[in-house]
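Since this is a predicted model, take the numbers as computed values, not measurements. Naming: A, B, ... by sequence-line order, numbering from 1 per chain.
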Number of protein chains: 2
Amino acid sequence: MKKVTMMDVAKEANVSKSTVSQYINKRYDYMSVETKKRIKEAIEKLGYQPNYIAKSLKQKKTSTIGVIVANILHSFSTQVIRAVEDYCHEHDFHVIVCNADDDPEKEKKYVEMLQAKQVDGLIVFPTGGNVELFQQMVEQNFPLVFVDRRIEGLDVPSILLDNKKAITLAVEHLLERNYKRIGIITPSLIRKITPRIERIQGYKDALEKHGLELNEQYIKSVDVPLMKDTVKEMLELPEPPDALLAGNDLALMEVLKLVKEEGLEVPSKLAIVGVDDVSFASLFNPSLTTIAQPAFEMGTDAAERLLNRIKGSPVEHSCVTYYEPVLRKRQSS
Amino acid sequence: MKKVTMMDVAKEANVSKSTVSQYINKRYDYMSVETKKRIKEAIEKLGYQPNYIAKSLKQKKTSTIGVIVANILHSFSTQVIRAVEDYCHEHDFHVIVCNADDDPEKEKKYVEMLQAKQVDGLIVFPTGGNVELFQQMVEQNFPLVFVDRRIEGLDVPSILLDNKKAITLAVEHLLERNYKRIGIITPSLIRKITPRIERIQGYKDALEKHGLELNEQYIKSVDVPLMKDTVKEMLELPEPPDALLAGNDLALMEVLKLVKEEGLEVPSKLAIVGVDDVSFASLFNPSLTTIAQPAFEMGTDAAERLLNRIKGSPVEHSCVTYYEPVLRKRQSS
DNA sequence: CTGAAAGCGCTTACAG
DNA sequence: CTGAAAGCGCTTACAG
């Protein structure tokens with residue numbers, strides 16, 4: 001079963017390859033009706049399908065972009081990916097998704113693989129390593145958009161949640177409801193990941209703004225396997241928090257596991273607010289108050305910017321867009 | 001910033017392109033140490049990265065496979081995708097994921113796009129349309145693996161859950177706990193989608209096996225937007241079911257929404273068992289009894305078969321593999 | 001209105 | 001041990 005090529009079509013239709021190529025690319029400017037018809041028939045008869053690889057090689061573009069997420073386990077990542085794919089498919093671009101698994105080494109490997117495959121651009125949720133690598137890409141003018149996190153000093157368009165505002169919203173909501181001792185749990189800060197840092201900072205700012213004292217024992221940043229124990233310790237303090245902010249969806253899951261294990265009453269014993277609107281938030285008993293990210297718009301925006309850039313729009317300098325978080329009040333607080 | 005090509009490296013190292021190519025592909029058989037060293041240095045100096053597109057064109061293979069899922073919203077799909085990606089990345093293959101959104105037209109478009117991009121093979125969760133298209137691909141010997149669903153009469157290796165067994169497990173578990181009137185809700189059967197058909201059939205067989213009468217009012221197959229109302233009607237029957245099987249994760253979500261809205265006690269008023277192990281199953285109040293699919297193994301198996309086939313293994317004829325479902329007993333039943 | 005020719009960046013027999 | 005040449009399947013100025 002040999003592949004049929006443009007050459008075969010040309011022979012069948014008694015024209016040259018060039019003419020077939022014009023036809024395929026709808027450059028009908030000067031093509032006779034007769035020729036068009038013959039080519040059309042030849043294509044149908046042979047079941048010809050153009051080879052994009054050959055086209056890509058010649059045109060030096062692949063109509064493919066890569067997406068590298070730091071960690072695919074976050075619902076936010078999968079939502080953004082879906083939005084990016086929808087937008088790209090509408091614009092006849094392909095998407096290759098890679099999961100760096102929070103590992104800068106993997107991230108680097110994927111960047112290189114994707115560049116070798118000649119992707120036209122990259123959307124990345126940067127792990128925080130690989131600063132020089134991205135720096136080089138910027139210098140080479142490679143189309144790049146960051147989502148969720150930015151890297152200090154890198155001139156890359158970045159699409160972020162307004163994290164401080166998100167936490168402020170949550171804190172003020174809890175204060176309104178008369179919770180006084182608000183704790184927060186996020187994943188580890190060691191890799192200086194933007195949202196985590198900004199969320200903790202937002203927490204501190206919000207408490208200060210309302211004249212509340214900071215209690216370092218209420219502020220914990222540890223990775224998922226340690227979260228349950230850490231929260232448990234927090235709840236065993238002489239004066240335990242009466243409300244808890246979960247810094248992202250995975251943190252929220254850990255908190256809920258603990259709540260279940262310990263049989264804690266929510267919100268009477270402990271109020272809960274999570275960042276990221278998990279799929280089951282409204283189904284849960286009690287339903288869960290969350291701070292939602294407009295993930296779909298953020299993903300669409302990322303894709304749109306990247307494709308515009310690829311299609312020749314000028315580079316956007318030091319452009320960081322913050323998206324508005326949305327407080328969804330439910331029963332858990 | 002011109003791209004550096006193999007030619008540039010060759011000039012820099014004072015050798016021919018052929019020799020650089022040999023070096024890149026580790027065909028060191030007869031290469032002098034000296035030459036190797038010069039090439040290595042030239043590559044580093046110039047920051048050369050091979051162009052896979054050119055390589056693919058010449059070699060007529062892309063080391064890329066496509067995955068087309070019928071509907072990405074199912075947790076099962078995303079789990080399988082992850083497994084496929086992990087396996088492929090380990091074996092230096094790329095993956096392009098497409099979501100057919102339960103639309104055979106979209107599915108067809110993606111198959112054609114992916115073939116135009118010269119993917120080496122395809123894993124698909126078939127929508128049920130496009131039988132001739134897949135038939136042609138089989139005839140052309142195109143590497144293809146189906147997951148979750150098979151298509152009657154098509155000789156394509158297929159990886160499925162043992163759906164009948166899954167439902168039998170659920171029914172028997174409910175009978176053991178003395179539930180007598182067991183209902184089942186699945187998405188619409190109009191497109192003859194394997195798991196739905198098999199799950200309904202499994203339900204009927206299991207009841208029959210235990211000498212229970214079938215009540216058609218307890219068996220409903222409608223699409224997601226209608227599910228809540230349909231279940232509500234079922235619960236308003238003079239003799240409503242005392243237990244309900246949710247045919248997949250999306251059905252389960254709808255059932256839980258209704259339970260919440262109506263304030264139904266689970267399991268005392270209504271016991272629930274869901275097929276697909278949702279992320280929050282063990283966190284929920286009450287925690288949810290589910291029939292889990294071994295999604296990760298299934299995905300890995302699909303990828304492994306496809307890559308073996310691509311690498312030249314003989315075609316596996318009429319090979320359908322059924323995976324064992326796992327009953328996870330929790331509090332909802 | 002259509003065709004011949006060059007070239008995209010590689011690989012691969014083959015010659016030496 | 002290494003190089004010259006052909007070719008993968010397209011596109012694109014350019015000539016006529």
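Here dT2(C) presents its P atom at 10 Å from NZ of Lys36(A), a figure rounded to the nearest Å. Atom CD1 of Ile53(B) and atom P of dG7(D) are 23 Å apart (whole Å). In this entry the distance linking NZ of Lys60(B) with P of dG9(C) reads 20 Å, nearest Å.
Side chains of Thr127(B) and Glu107(B): a donor on one and an acceptor on the other come within 3.5 Å. With hydrogens and angles left out, the side-chain atoms of Lys60(A) and Asn51(B) include no donor and acceptor closer than 3.5 Å. In this model, no donor atom of one side chain and acceptor atom of the other lie less than 3.5 Å apart for Glu132(B) and Gln136(B). With no hydrogens or angles considered, a side-chain donor-acceptor pair links Thr321(B) and Arg305(B) at under 3.5 Å. Counting only N and O atoms by type, the side chains of Thr78(B) and Ser75(B) include no donor and acceptor under 3.5 Å apart.
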ask   = So Lys106(B) and Asp101(B), salt bridge (Lys or Arg N to Asp or Glu O under 4.0 Å) or not? Walk me through it.
value = CA-CA 7 Å; Lys106(B) 273 200 192 178; Asp101(B) 221 359; 3.2 Å; yes
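You'll find the side chain of Tyr23(A) stays beyond 4.5 Å of the side chain of Thr35(A), heavy atoms only.
Residue-to-nucleotide proximity on DNA chain D shows that, of Thr19(B) and Leu57(B), the 5′-proximal contact is made by Thr19(B).
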key: Base-contact (B) and sugar-phosphate-only (S) positions in nucleotides 10-16 of chain C, heavy-atom cut-off under 4.0 Å, - elsewhere   = BBB----
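Residues Tyr110(B) and His89(A) place their aromatic rings such that the two centres sit under 6.0 Å apart.
Secondary-structure stems of DNA chain D, taken as three or more successive Watson-Crick or G-U wobble pairs (i with j, i+1 with j-1) under a 3.5 Å distance threshold, comprise C:1-3 with D:14-16, C:5-12 with D:5-12, C:14-16 with D:1-3.
Across all strands, Ser56(B) comes closer than 4.0 Å to no nucleic acid atom at all (heavy-atom distances).
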